[in-house]
Amino acid sequence: MSAATAVATDRRSWLVKTAPQGDVLRALVRAALASGLAAGAVVPRRRSATIVPTLVRDPAQIGGDSFFGAPIMPHNLANLLGELTFRPASGKIAAVLRSCEYRALVELTKLKQASLDAVMVIGIDCLGAAGPGKGAGVNAQQQPAGPDQAAWRARLAAADAAGQPGERSACAICLEPAGMGPGIVAGLVGVPAADGLLLTAPAGDEEAAKLVAALGDMEGVQVTASPAGSGAGSGAVAGAGAAAAAREQALAAVISAREAARAAVLGKWRAEEGNFAALAETLAACTGCLNCRRACPLCYCRECTFETALFDHEGQRYLSRAGRRGALRLPTEVMLYHLTRLAHVGLSCVSCGMCESYCPSDIPLTAMFAALGGEARKLFDYQPGRSPDEPLPLATFREEELAPR
Amino acid sequence: MSALTSPSPEQPGIAAAVAAAPHEPLIIAFLCNWCTYTGADLAGTSRIQYPPNVRVVRVMCSGAVDPLYILRPLLEGADGVLIGGCHSGDCHYVSGNYKARRRVAVVQSYLAQLGLEPERVWFRFISASEGRLFAETVTTMTETLARLGPNPLAREWTA
């Protein structure tokens, strides 16, 4: 948890209160637009059935239906930011991103399908989210999901029990709940809402400092700063500093509980699914709809090989293939598709689980990618999204490695 | 006779004869145009003997071998896949062979995790002058695959 542990040392922090409590993220994004630091912002807006991402330019549009940090995830926003930043624009796009969305944006940038530099990332803690689907909006009715972890999880569980989209399986085994990003991170976890929202940023980040200054100038906003390495005696410093420490502690507790859950899920997968026969059983439910590749932030090809005519054959060819083994699964190439996807994007997979969220057949793709991809990543000590400067493992090499030499 | 060339049920007499014969491994080989393919050509023009179990696909570079090309023959029942590229530092496209080496390692990792022997996938550096090495590689690989036995996926309709 590099992002969480880095908070204490080389980051400065602020506690921000707004007059209607819980309005800080709205004010922050409004400030980004009003100050001109961002030319646009991706804003999730609440609608009866779900939340809808919108590209907003007018700060006045960020009102009561804007819901940053809603415990609901109809998209991985990195997917949409790829569309917005693939070709250059005149200004930055502000976006409030979960860790899995930021990490996907990093990978997409390395794949040259998005530009991290064109995004003003506002990282946000996330304790889990409901997936897409009608009725997911019940998870977005109250504001905000906030720092109360028990309430956050309870709300998702209640939605699940009521047959509405509840906590996604990927979230239940996520080890990276802490907000991440090159600039500002909003700490939702472990800080009582009454104390305000904790913002942290790297000590030398000028853009973040300007943004927080713009935020402080807004009506009804009160910012208490804790500059790194100064004024340790004042009460204000203890406030933001203590909040940062409380957040780290709360995140550590979440992560340690999740580690056990993740080990159990992946252990079960390896024991029960880690062979071709079991995989065939799991994939028996696959209809070949390719939703998983469309939901995946990293499966960026405009046209997938599996959507082309490559596997359209003469009728006789199907008959002879069926003849070789007595029967042929239809539609064909289902297992080939999943294994190829693993080979293409498995190393960059950020475990956001959108593939599984979009799967009409509830195939446990998150565990499959985490188990198989996680093992393959060990070959190159690669951690997706860890650093924008780290080359993609399949786009680089060392002369002295592996075999043959 | 191997899975890919085995007869359809319309030819029951042949099928029975084939079933009684010992398993002959089938290798699908992707050979780089500049080194290994030319090496294989040299093996032929030099009249070097090697098992007829290999079907060669010429590719411009081992780096052009998508994981899909390796996975597809295996799921279709081929017993092994051989990828041949240039030696270290000799790639016509500078680093395609090194990138192929990483890709092959990833595919092998997935196969191993799913219980299929990763030794069914071979990556070898064989130069244009190494006709003998190509012949030896195919010979050894054929023997290895014969020892491993038929690819179990060849019988699965789900693959």
Side-chain angles (χ1 to χ4, degrees), chain A residues 269-270 273-281 283-284 305-306 310-311 316 319-330 332-344 346-347 368 371-380 392-405, chain B residues 2-11 15 62-63 66-77 83-85 87-89 91 94-116 122-126 137 151-159:
Chain A
W269 195 93
R270 290 199 178 96
E273 311 261 345
N275 63 77
F276 271 100
L279 185 62
E281 280 298 312
L283 296 179
T305 303
F306 290 88
L310 185 65
F311 298 107
Q316 192 55 44
L319 284 175
S320 93
R321 284 176 71 191
R324 256 183 260 138
R325 31 179 51 135
L328 179 67
R329 187 221 198 277
L330 298 175
T332 61
E333 325 302 345
V334 163
M335 187 178 280
L336 181 65
Y337 162 71
H338 287 283
L339 292 178
T340 302
R341 228 173 76 72
L342 264 165
H344 285 174
L347 295 185
M368 174 174 150
L372 293 173
E375 194 63 30
R377 282 193 289 272
K378 286 184 190 164
L379 284 168
F380 313 114
L392 291 164
L394 293 185
T396 187
F397 61 89
R398 287 200 300 271
E399 281 190 32
E400 300 296 319
E401 64 174 1
L402 305 169
R405 294 285 175 89
Chain B
S2 66
L4 280 190
T5 52
S6 64
S8 58
E10 302 93 77
Q11 303 158 285
S62 56
D66 192 282
L68 176 67
Y69 303 174
I70 306 171
L71 292 164
R72 161 86 175 193
L74 291 174
L75 290 181
E76 279 295 292
I83 299 112
H87 280 276
S88 289
C91 177
V94 184
S95 60
N97 52 350
Y98 294 127
K99 290 174 182 167
R101 190 166 63 183
R102 284 197 161 204
R103 250 176 253 153
V104 169
V106 170
V107 171
Q108 284 175 326
S109 164
Y110 290 146
L111 295 178
Q113 291 184 70
L114 290 169
L116 191 72
W122 284 36
F123 184 35
R124 293 294 182 271
F125 292 159
I126 300 171
T137 302
N151 175 0
L153 298 176
R155 297 188 306 270
E156 301 293 336
W157 61 265
T158 47

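Throughout, a chain's letter reflects where its sequence line sits, starting with A, and its residues are numbered from 1.
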Distance-only, no hydrogens or angles: does the B:R101 side chain make a donor-acceptor pair with backbone N or O of A:P404 under 3.5 Å?
yes
So, A:R377 side chain and A:G346 main chain: donor-acceptor pair closer than 3.5 Å or not?
yes
Under 4.5 Å to a heavy atom of chain B? For A:A284 that would be neither
Contact class of A:Y337 relative to chain B, heavy atoms under 4.5 angstrom:
neither
Quick one: does A:L392's side chain get under 4.5 Å of A:F380's, heavy atoms only?
no
Measuring only between side-chain heavy atoms, which start at C-beta, is A:F276 closer than 4.5 Å to A:L339?
yes
Which portion of B:E156 sits near chain A, non-hydrogen atoms under 4.5 angstrom:
backbone
Between B:I70, B:N97, B:L153, the one whose heavy-atom pairs under 4.5 Å with chain A are most numerous:
B:L153
Counting N and O atoms only, with roles assigned by atom type, does the side chain of A:R405 sit under 3.5 Å from a partner on the main chain of B:S88, one being a donor and the other an acceptor?
no
Quick one: of A:L336, A:L379, A:T305, who has the most non-hydrogen atom pairs under 4.5 Å with chain B?
A:L336
Tell me, for A:E333 versus chain B, whether the close heavy atoms (under 4.5 Å) come from the side chain, the backbone, both or neither.
side chain
One thing to verify: whether A:R325 and B:E76 come together as a salt bridge, which I'm taking to mean a side-chain N less than 4.0 angstrom from a carboxylate O.
yes
A:A395, part contacting chain B, at a heavy-atom distance under 4.5 Å
backbone
Out of B:R102, B:H87, B:R72, which one racks up the most heavy-atom pairs below 4.5 Å with chain A?
B:R102
Who among B:D66, B:L74, B:L116 has the most heavy-atom pairs with chain A under 4.5 Å?
B:D66
For A:A403, which atoms come within 4.5 Å of any heavy atom of chain B: side chain, backbone, both, or neither?
backbone
Top of A:R329, A:H344, A:E401 for chain B proximity - count of heavy-atom pairs under 4.5 angstrom:
A:E401
Contact class of B:R103 relative to chain A, heavy atoms under 4.5 angstrom
both
Do the non-hydrogen side-chain atoms of B:L71 and B:Y110 ever get within less than 4.5 Å of each other?
no
Would you find a donor on one side and an acceptor on the other, under 3.5 Å apart, between the side chain of B:Y98 and the backbone of A:E400?
no
Contact leader toward chain B among A:T332, A:V334, A:T340, where contacts are heavy-atom pairs under 4.5 Å:
A:T340
Below 4.5 Å, heavy-atom pairs only: which of A:G326, A:P393, A:A280, A:A371 has the largest tally toward chain B?
A:P393
If you define the side chain from C-beta out and look only at heavy atoms, does anything of A:H338 sit under 4.5 Å from A:L279?
no
